[in-house]
Protein chains: 2
Amino acid sequence: MDIDKYKSQEGVLVAVDCIIFGFDGQQLQALLIKRGFEPEKGKWSLMGGFVNPDESTDDAAIRVLNQLTGMNNIYMEQLYCFSNVNRDAAGRVISIAYFALINIGDYSDQLQQDHEARWFPMDQIPNLIFDHQEMVAKAKERLQQKVANHPIGFELLPEKFTLPQLQNLYEAIYEQSLDKRNFTRKILALGILNKLNEKEKESSRKGAFYFVFDKNKYNKLQHEGLKFL
Amino acid sequence: MDIDKYKSQEGVLVAVDCIIFGFDGQQLQALLIKRGFEPEKGKWSLMGGFVNPDESTDDAAIRVLNQLTGMNNIYMEQLYCFSNVNRDAAGRVISIAYFALINIGDYSDQLQQDHEARWFPMDQIPNLIFDHQEMVAKAKERLQQKVANHPIGFELLPEKFTLPQLQNLYEAIYEQSLDKRNFTRKILALGILNKLNEKEKESSRKGAFYFVFDKNKYNKLQHEGLKFL
DNA sequence: ATAATAATTGTTATATATACACTTATTAAA
DNA sequence: TTTAATAAGTGTATATATAACAATTATTAT
């Protein structure tokens with residue numbers, strides 16, 4: 001058979017799609033674009049693109065994310081390969097979905113306009129093309145799982161954040177309210193936050209102290225058993 | 001742009017590879033084959049194959065698994081997409097890896113000979129082609145995670161199994177020994193096993209009672225919080 | 001000075017996880 | 001038939017983690 005086995009193959013295209021999560025302080029959001037080409041032109045869609053022959057799917061996802069956000073060094077993780085034969089109306093395309101976490105405050109309005117992009121709260125996602133709805137659903141599940149054991153929630157917040165903000169984030173991700181006292185105790189007991197001598201004063205009279213995530217402290221711990229919630 | 005966007009794409013082949021796990025009563029094992037074609041002909045490898053234009057990657061993985069084992073209705077789960085540009089020496093191929101759990105006792109020696117296949121204990125995996133070593137490592141990790149919350153370990157055992165056998169399985173997967181009393185109590189407390197009035201007498205004088213997994217009982221529970229270990 | 005608002009803090013009860021060793025059933029050998 | 005050997009089966013006490021619950025404090029606007 002030799003490498004004829006390779007030559008006789010063809011006909012499947014490979015794409016990537018990105019679920020981009022943000023957090024506005026209250027709700028978990030996803031960044032969607034109006035698709036700019038046929039088929040399904042003008043419909044809401046995840047940002048995506050084909051994988052070039054000279055790049056890995058990771059590279060492709062980073063490129064695609066950068067096209068939409070202008071950002072680099074974003075937290076991103078491969079989610080799943082979607083490959084139903086008829087998932088893309090225009091041809092045989094499999095898509096490797098990725099999800100990314102960005103600080104919504106860093107995202108520029110200009111880019112948003114250039115790409116006809118918009119943030120949607122997770123409970124108000126519009127109809128999406130192809131199987132993108134399924135991708136979003138799976139991304140949310142994965143985020144819920146992952147955030148329970150890994151310190152990735154901070155990627156969705158500004159560098160300085162308050163404990164109430166952090167709690168709001170977890171409540172948004174898990175879609176349930178949490179007890180303030182238990183939450184605070186548990187998070188601080190992890191020993192991975194540094195308290196700043198500075199308060200956020202916008203959302204209350206008393207003000208809430210800022211904290212920052214200390215990656216060094218985290219790395220020194222045994223990563224296996226870290227339970228965030 | 002239209003669907004020229006599609007037509008201009010090409011050059012990436014799509015394959016699947018299967019990590020097939022078995023359990024011999026003592027050790028977790030993986031089924032490997034001697035690769036029958038170039039490149040890397042004659043080296044140890046995972047079972048794999050190209051994805052046809054008319055099938056999903058799931059379908060391709062099921063087909064590939066069936067080729068090697070003759071079995072159907074096997075537990076299988078998509079693992080990860082491996083896509084480094086130079087991962088396959090003969091061309092630009094991305095591979096969607098799957099892992100499967102089979103009852104080693106159901107696997108026929110005949111098929112094993114036909115395909116030059118062999119079971120290897122997980123701590124004695126030989127050098128594998130391409131990035132298959134990485135795939136095996138990732139599959140093991142995923143199995144460890146998954147088995148902690150989902151009743152998939154039973155896929156690796158005969159329909160009837162004893163508690164010591166089940167404990168051996170978990171010890172093999174986690175690579176650590178467990179306390180007999182705590183293990184038994186915890187597993188039985190889940191309420192998903194039925195005790196048979198029959199003993200396995202090969203491995204001890206006293207004999208150990210057989211149990212079977214009761215899928216109905218499991219389905220009636222709240223699946224979220226089920227902690228096996 | 002007072003009212004209003006959200007941040008901050010502690011205790012108790014319950015559930016879960018861990019550590020630990022003797023008794024029992026059975027068969028092969030004496 | 002007794003005895004020895006082997007692995008199965010079983011209970012309790014302690015430590016840790018989780019869950020439930022409300023009063024006090026800091027600050028600013030009135």
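Proteins get letters first, then strands, A, B, ... in listed order; numbering begins at 1 in each. Just the heavy atoms: all of them, side chains too, but no hydrogens, waters or symmetry mates, feed the values below. The model shown is predicted, which means the values in this text are computed figures rather than measured ones.
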Nucleotide C/dT8, atom P - distance to CG of A/Asn182 in whole Å: 16 Å
How would you label the contact of B/Lys195 with the nucleic acid (heavy atoms, under 4.0 Å): base, sugar-phosphate, or nothing? nothing
Look at A/Lys186 and D/dT18 and indicate whether a side-chain polar atom (N or O) is within less than 4.0 Å of OP1 or OP2. yes
Does B/Lys201 make a side-chain N or O approach to OP1 or OP2 of C/dT27 shorter than 4.0 Å? yes
For nucleotides 1-4 of chain C, tabulate all protein N/O to nucleotide N/O atom pairs closer than 3.5 Å, reporting atom names and distance.
| from | atom 1 | to | atom 2 | distance (Å) |
| --- | --- | --- | --- | --- |
| C/dA4 | N3 | A/Arg205 | NH1 | 3.3 |

Ring centroids only, cut at 6.0 angstrom: are B/Phe21 and B/Phe23 within range, meaning strictly under it? no
Rounded interatomic separation in angstrom, taking NZ from B/Lys199 and P from C/dT24: 14 Å
B/Leu188 has an atom CG; how far is it from atom C1' of D/dA8, in whole Å? 13 Å
Residues that A/Phe99 engages under ring pair (Phe, Tyr, Trp, His ring centres under 6.0 Å), provided they are two or more places apart: none
Between the side chains of B/Asn182 and B/Arg185, does any donor sit under 3.5 Å from an acceptor? yes
Please state whether the base of C/dA25 and the side chain of B/Lys206 form at least one donor-acceptor pair under 3.5 Å? no
Would you please indicate yes or no on a ring centroid separation below 6.0 angstrom for B/Tyr170 and B/Phe183? yes
Given atom CZ of B/Arg181 and atom P of D/dT10, what is their separation to the nearest angstrom? 13 Å
Here the distance between atom P of D/dA8 and atom CD of B/Glu200, to the nearest Å, is 8 Å
Whole Å only: how far is the CZ atom of A/Arg185 from the P atom of D/dT18? 11 Å
Under a 4.0 Å heavy-atom cutoff, the residues of residues 158-180 of chain A touching DNA chain D are A/Asp179
Run the salt-bridge test on B/Glu141 and B/Lys138 with the 4.0 Å N-O cut-off and return the result as yes or no. no
With side chains defined as the heavy atoms from C-beta onward, is the minimum distance between B/Leu65 and B/Met71 less than 4.5 Å? no
Taking the six-membered ring of B/Phe211, is NZ or CZ of B/Lys195 closer than 6.0 Å to its centre and within 45° of its axis? no
Tell me the interatomic distance from B/Phe183, atom CZ, to C/dT16, atom P, rounded to whole angstroms. 18 Å
Can B/Lys160 and B/Glu200 be counted as an ion pair, charged N to O under 4.0 angstrom? no
Basic-acidic side-chain contact under 4.0 Å: A/Arg35, A/Glu116: no
Send over the distance from B/Leu190 CG to C/dT16 C1', rounded to a whole Å. 13 Å
